[in-house]
Amino acid sequence: MLRHASALVLASAVGCATIAFGCRTAEPPAETDRPVTTSTPERDIHSYARPHEVRVTHVALDLHADFDRKILNGTATLQLHRSPSASTVVLDTKGLDIQRVSAAGTDVKFSLGDDDRILGRPLTIELPASVNEITIAYRTSPEAAALQWLQPSQTAGGRRPYLFSQGQAILTRTWIPTQDSPGVRQTYSARITVPRDLRAVMSAEQLTPTGVETPTGRAWDFRLTQPIPPYLIAIAVGDLAFRRVGARTGVYTEPAMLDAAANELVDLEKMVAAAETLLGPYGWGRFDVLVLPPSFPFGGMENPRLTFATPTIIAGDRSLVSLIAHELAHSWSGNLVTNATWSGFWLNEGFTTYVESRLMEVLYGVDRARMLQVLDRRSLDAEIKRLGPTHKDTILDLDLSGRDPDDGVSDIAYEKGATFLRTIEHAVGRKTFDAYLRGYFDRHAFQSITTAQFLADLRQHLLRGDRQLEERLKVEEWLYKPGLPDNAVVPTSDALARVEQDVNAFAEGAAASSITDASAWSTQEWQHFLVSLPEKLTTAQLTDLDRTFRLTERHNSEVLFAWLRVTIRNRYEPAMPALERFLTSQGRRKFLKPLYEDLMKTDWGKDEARRIYARARPLYHSVSTNTLDPIISGKSSS
Ligand code: BES
Ligand code: ZN
């Protein structure tokens, strides 16, 4: 009963439209040009694959989406590149039911190894001589971590079910048996058969714009000719509508959300153009955005050709579109040049956060870009403070041994990474750095690289033997030492400095109504005001703020989130219904984790957190529950 009730809450929040809440080488390398050995010297500890022996080069899927049983069922046909001595190929799987493996129609032997909690099970397949294509018949588990199967009540329309995948970091193995390592790039194709009233989309070119009738449903065909890391293979199935934004951009979402989503994303085409000016031609063809139901656990996910995004960025005033700039930037940093192992996650996210900021500057001006940088820096400082300045997770080149890569993910990769690049830019000048950046993407297009390879590239193409410059930049300290080096550039924003004056005045007793410019504040100014408030405020102060600015009623997800954190730590009761509504109407981990943690830190909040979580948990994606379960049960280590 509870389960049903909370599902309805989730649906109604979405139902209202303004939820309040270059590759310069456009052509990927030809199949035959690619050597068996990857250029990656570092072993990927998060994969069983042995790509130096045999490497998957292409995945062809033929899958049926069975919404009653919550499984995908069908075959994966893999093209292999073998070294002459190799007689077996090892794939990654997790929770997959492998029924049969065949080559040219004949069964071949296979075995599944022990199940590791993090990595899953290796699937070892014996390869007959000269075979370089194998077909695996399998089905996924209803609990597959990459897949979330939504009830109709969890969608905006409320009438049709929905399915979406999330592959990063190591979840693709829960729906596709392949070498699930970001160092093993693969092209892919797919035929996805779904119930007749649903549409399938993927991170690939669509070959059947309206689907094809088959005896068992409607089939949708896809192909991606650029080799990508398998975490970027993505699917969504639902009652989806599309609206064009520009010549190569558009929005997919449920019909009830289409107007709001398209209105929010009017600048898509301009964003792609701005990115091309900075980085060279966009090499993926289309850039569309899929706005998902609210349980999507991330803000955005850079699936090629089709970025997945949370509906919580639909603010009605386009104030949260930096997230789209971020996912677009990944078309270069992440999708074109990829971290070869998850230790190099900062190569994806740090470069992307840097480019995101550059795009925001071109599109919306330097003031807005600076405000975002200051907010980001604030969260970096908080993260380093939380972990401690000598904690090894504050090192850019991460040590993830024995851990799920998802557990090592923090603001460090994003903000310390971006700050490092900004510090280099500052030292060498923008013109020089921009030229280096373009060259970096060119030199490594369609490759997966490590931090050490980045460092070698930086030395060869930017530092060029200038030892003094390297020392001044403290390059090795940035990459391999904890904390924030003392040469980090400090972003400043005049607008946010003014907000700080208002915070000080308010903290010292001024009335909320004396903050005269607040009526014209942007989302970022509100965020800064709220995160800068003193730890402790009196109930009278909170009431004054809330009555004057109607903060509890805000629909902008970032502003509401920042306000709710203030209200929890000061136990401001009038905001608690809004807190519960927020926690049960969206499943974005970035919002959920701090709010539940804040509640669990208080005496009175623990029971509240447990009660709300029990209601909301069935709606959340496993990515979010994996993070939240230990927090709610009090077993969290961080
Ligand atoms: N690629 C990430 C999402 C991700 C990271 C998925 C790690 C799985 C493991 C995506 O590009 C991202 O960074 N999303 C952010 C938004 C961004 C604006 C900081 C998010 O989801 O909050
Ligand atoms: Zn990212």
Side-chain angles (χ1 to χ4, degrees), residues 22-29 56-61 146 164-169 171-172 175-176 178 180-190 192 200-207 220-236 240 242 245-252 265 268-269 271-272 275-276 279-292 296 298-309 323-340 347-349 351-352 355-356 359 441 444-449:
C23 104
R24 326 254 318 272
T25 352
E27 284 299 308
V56 174
T57 58
H58 181 81
V59 178
L61 301 170
F164 67 87
S165 72
Q166 166 58 41
Q168 196 179 9
L171 304 180
T172 294
W175 74 287
I176 303 173
T178 188
D180 188 13
S181 166
V184 186
R185 309 184 77 90
Q186 301 152 39
T187 54
Y188 83 93
S189 56
I192 307 292
V201 291
M202 291 190 88
S203 54
E205 188 188 339
Q206 303 188 14
L207 303 176
W220 303 80
D221 294 342
F222 304 90
R223 129 185 114 193
L224 188 75
T225 54
Q226 294 96 332
I228 53 161
Y231 72 82
L232 292 175
I233 306 177
I235 184 172
L240 297 175
F242 173 77
V245 172
R248 44 185 176 163
T249 51
V251 183
Y252 289 90
L265 301 178
L268 279 188
E269 196 73 28
M271 283 192 175
V272 179
E276 287 190 311
L279 303 170
Y282 177 76
W284 303 90
R286 296 195 58 84
F287 181 71
D288 294 322
V289 175
L290 171 68
V291 177
L292 284 128
F296 185 59
F298 292 106
M301 179 63 215
E302 64 271 27
N303 297 315
R305 296 177 63 101
L306 184 63
T307 275
F308 283 22
L323 182 134
I324 301 296
H326 177 97
E327 305 313 334
L328 170 63
H330 273 305
S331 304
W332 287 264
S333 42
N335 300 4
L336 186 63
V337 182
T338 310
N339 50 219
L347 292 167
N348 279 14
E349 299 300 344
F351 271 78
T352 294
V355 173
E356 166 197 340
L359 295 180
F441 290 123
H444 306 287
F446 296 109
Q447 291 173 26
S448 301
I449 69 165

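Quick note: residue numbers are just sequence positions, from 1.
Residues M301 and Q166 are in side-chain contact: their nearest non-hydrogen atoms beyond the backbone lie under 4.5 Å apart. By the 4.5 Å heavy-atom criterion applied to side chains, R305 and D288 are not counted as neighbours. Counting heavy atoms from C-beta outward, P227 and Q186 have side chains that stay 4.5 Å or more apart. Side chains of Y188 and I228 form a contact here, defined as non-hydrogen atoms less than 4.5 Å apart. Using a 4.5 Å heavy-atom cutoff, the side chains of L268 and V245 are in contact. With contacts defined as side-chain heavy-atom distances shorter than 4.5 Å, the pair L207/R223 qualifies. Using a 4.5 Å cut-off on side-chain heavy atoms (C-beta onward), I176 and L61 make contact. Side chains of V251 and V291 form a contact here, defined as non-hydrogen atoms less than 4.5 Å apart.
Between A247 and E269, the closest heavy-atom pair is N-OE1, 3.1 Å. Scanning both residues, T225 and T187, for their nearest heavy atoms gives O-CG2, 3.3 Å. In terms of heavy atoms, H58 sits closest to S189 at NE2-OG, 3.1 Å. H444 and V337 make their closest contact through O-CG2, 3.5 Å (heavy atoms, listed as atom of the first residue, atom of the second, distance). Listed here is the closest heavy atom pair of N303 and Y231: OD1-O, 4.3 Å. In terms of heavy atoms, L290 sits closest to L240 at CD1-CD2, 3.9 Å.
H326 and E302 are not linked by any side-chain donor-acceptor pair at a separation below 3.5 angstrom, with hydrogens and angles left out of the test. Between the side chains of S448 and R185, at least one donor-acceptor pair of N or O atoms lies under 3.5 Å.
Ring pair F351/F441 is perpendicular by interplanar angle, where above 60° counts as perpendicular and below 30° as parallel.
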Quick one: do F296 and F164 satisfy ring-ring contact (aromatic ring centres under 6.0 Å, His included)? Show the steps, please.
CA-CA 8 Å; F296 185 59; F164 67 87; 5.6 Å; yes
Under the side chain to side chain contact (heavy atoms under 4.5 Å, CB included) criterion, do T249 and M271 qualify, and how do the steps go?
CA-CA 10 Å; T249 51; M271 283 192 175; over 6 Å; no
Show your working on side chain to side chain contact (heavy atoms under 4.5 Å, CB included) between L306 and F287 and close with a plain yes or no.
CA-CA 6 Å; L306 184 63; F287 181 71; over 6 Å; no
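Between E205 and R248, none of the side-chain N atoms (NZ, or NE/NH1/NH2) sits under 4.0 Å from a carboxylate O, so this pair counts as no salt bridge.
A donor-acceptor contact shorter than 3.5 Å is absent between the side chain of Q226 and the backbone of F446. At distances below 3.5 Å, at least one donor-acceptor pair connects side-chain atoms of S333 with backbone N or O atoms of A329. Put simply, the side chain of S203 gets close to the backbone of A234: a donor and an acceptor are under 3.5 Å apart. With hydrogens and angles ignored, the 3.5 Å screen pairs no side-chain donor or acceptor of E276 with any backbone N or O of P281. Between the T172 side chain and the P230 main chain, a donor and an acceptor come within less than 3.5 Å of each other. Without hydrogens or angle criteria, T338 side chain to A340 main chain gives no donor-acceptor distance under 3.5 Å.
By the side chain to side chain contact (heavy atoms under 4.5 Å, CB included) test, A200 is found to be paired with I192, V194, W220, F222, V237, residues two or more places apart in sequence or in another chain being considered. Residues meeting the side chain to side chain contact (heavy atoms under 4.5 Å, CB included) test with A275, sequence neighbours left out: L328, W332, L359.
Atom CD of E356 is separated from atom CG of L323 by 7.5 Å, given to the nearest 0.5 angstrom. Atoms OG1 and NE2, on T352 and H330 in that order, are 4.0 Å from each other to the nearest 0.5 Å.
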